[in-house]
Amino acid sequence: MEGGSSQNFVPPSAGFDKSRVLDVRPLRSLMPVFPAASQAPSFPGMPPFGNTPNGFPPFYPFGLPSSYQASPDLNSEMRTPTGPMPAPIRSYRAPTSSGADDFPEDSNGDGYFDPHVGSSSSRKKTTKASSSRKKTKKNGDGDSLTNNGSGVTFVSVMSSFQIEDGNRELVNYVLMNFDALRRRICQIEDNKESKTGVIKRADLKAGGIVMSKKVRTNMRRRVGVIPGVEIGDIFFFRMEMCAVGLHAPSMAGIDYMTGNGDGDKDPVALSIVSSGGYDDEAEASDVLIYSGQGGNSNSKDKDREVADQKLERGNLALQRSLHHGNEVRVIRGVKDDVSSTIKIYVYDGLYKVHESWTERGKAGCNIFKYKLLRVPGQPPAFAVWQAIRKWKDGFSSRAGLVLQDLTSGTEPVPVSLVNEVDNEKALVSFTYFPTLKYTKSFSLMPPSFGCNCRSACQPGDTNCSCIQKNGGDFPYTSNGILVSRKQLLHECGPTCPCTPNCKNRVSQTGVKLRLEVFKTKDRGWGLRSWDSIRAGAFICEYAGEVIDEAKLKQKDDGGENDEYIFDTGRDYESFKWSYEPGLIEESPNDVGDYNIPYRLIISAKNVGNVGRFINHSCSPNVFWQPVVYEHNNQSFVHIAFYAIGHIPPMTELTYDYGSSSSNEAGSNSGPNRKNKCLCGSSKCRGYFG
DNA sequence: GCGCGGTCACGACG
DNA sequence: CCGTCGTGACCGCG
């Protein structure tokens, strides 16, 4: 945690009302209660939510109260805690694998995976991330697992209720599976030498799998709020929105439903995706002008002839929603600032259709237009993007700016310092340094030699020793996303002849995201990003001075409270960052425990980078990964941070600080050494460090 | 070395 | 079971 102001050590009654914070999200309190099921048959493999990190805390940059999603009018679809579970409005096809739709498999009968069941009881600590573990390497090459020749058998770990109606945890679980699958498919395809038969659309492949294997949620179609999807959530693929029930069609821009069971055959619109490609822009962030669908008859033979749009399907549904005054979910497609080729989908909450008309399109044909107005009172989402765009045009529009670049040009991208909370105008001074500093010699890994690749290392090159050290898989996708965690991630180093643009040098090339150090309400300074961050993206390393255990003990004994210690010797919650085994033949190549050759202790108190400002959370959105590359004929381990899931702009970045064992150095300071945790997560352990 | 338009192949739902 | 909906990766161009 940052400190500077030592605000992270909040006295017991510092006015922090934890219960209020815990009420932010409509977690279990609003969820239906199901008749208790007998002790559930357990899931194949590991319990899916044992230690999986929870969702990201929502961020409200403009000081709005964060209780929005619990407001009753906008949650009219949600049922009361004691309400009976209504029969599903329609049954769906039985899954191909038997047993997937058996009666509730949740262990406490509430229809939802409970973070506390099977987690607190069987909560596993990783062994101290030290060198002792030597597991047999799990290699993704084919043979393993439960597949039976013809295909993969997979029994969905989700009950029929969970497939029908989601919550935050389920949504995160589905998204985690989708993207881990997607990254792994990319990796497998990249490894193939022959470029024939490659899967170009790993998103469709992964999407097809999670949809057909029922690793999906909120399949029950509904108007309004989707439980577990929060305003401001971002998506990188249409299939992600399908899988969590935000927007069902894999291609079409308008999702609608006919017949709500009341004999009413009127279609109603459920959600729309504004691709941004049209002239759908509007001046204000709470207005959306949306074009109807159809009209460009795109039959394969005939060269695009254009026709009048018709008042049918989605167009009709929007018209009926206007008539009924129904809410429509709006997802805005925006261009990413980091990689301009990709599009990001921002869930911007509920809108109402205000008016509709027809216009003459370019080819002189009629197109429908709809004006939608955002339902007031919702936390900003798309508005945040618009604000950031202004900030990028000029710093003057950034309120509370203290410093434009606290790295003084050390990082390739400026890191600004912002305080919108109080009058603190400076950091406790430290020296900005982008990587590790060794002040004395350590027993390092023996020097290892780099690869012989001439230009850039190529996935699938079996001769590249750096790829071999990673178990044969190229650790990153072609656009620099980490595929899976590794016991020790090997990047190319200075003695590798490959060029600096080698794709195996992600974590050593410095900060690429537009980051900002900001003053939090109650936890000192924190770190967040103006850019959106996708799951597996590198954020920054933990820079600082490497110290040894004796020095750490010396600090502790001397009563010096160094809040800027990173210590691989702490206990860390194990968590899963991969897909369920069995979804594809290749097993997930997720790490078991980290395998670090020596205990690495970093102090960023006097020397450090942006990493020192990342606060602790028990439900973090960032994880750390040991990375090794050699330098000066020694191999050095670095600590690199990657995103667990997609992180919307301006969301505070957090990782799990772990906890010191009681018999470690500093135990004579007693339990006071532990810091009281203010992360506000439902899984909060109460302390850290 | 980038932005742009064209091309291609694909999934969910009605 | 077929039609409706664009998308996302890639490639060549200027």
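Below, chain A is the first sequence line, B the second, and so on; all start at residue 1.
Taking a cutoff of 4.0 Å between a charged side-chain nitrogen and a carboxylate oxygen, A:D337 and A:R389 qualify as a salt bridge. Taking 4.0 Å as the cut-off between side-chain N and carboxylate O, A:D165 and A:R222 count as a salt-bridged pair.
Using a 4.0 Å heavy-atom distance criterion, A:S340 is classed as a sugar-phosphate-only contact. As judged by a 4.0 angstrom heavy-atom cut-off over every strand, A:R182 is placed among residues making no nucleic acid contact. Within 4.0 Å (heavy atoms only), A:R238 reaches sugar-phosphate atoms of the nucleic acid but no base atom.
Regarding A:F178, its CZ atom lies at a distance of 13 Å from the P atom of B:dG11, rounded to whole Å. Look at NE2 on A:H247: it is 10 Å from C1' on B:dA12, rounded to the nearest Å. The CD-P distance, from A:E189 to C:dA9, rounds to 13 Å in whole Å.
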For A:R182 and A:D179: C-alpha separation, side-chain torsions, deciding distance, then whether salt bridge (Lys or Arg N to Asp or Glu O under 4.0 Å) applies. CA-CA 5 Å; A:R182 201 202 108 252; A:D179 206 56; 2.5 Å; yes
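Between A:S507 and A:F538 there is a side-chain heavy-atom pair separated by less than 4.5 Å.
At least one side-chain nitrogen or oxygen of A:Y345 sits closer than 4.0 Å to the OP1 or OP2 atom of C:dG8. Between A:R221 and B:dG14 there is a side-chain polar atom (N or O) within less than 4.0 angstrom of OP1 or OP2. Considering only side-chain N and O atoms, A:S250 lies nowhere under 4.0 angstrom from the phosphate OP1 or OP2 of C:dC5.
Take the nearest nucleotide of DNA chain B for A:Y256 and for A:R201: the residue whose nucleotide is more 5' is A:R201.
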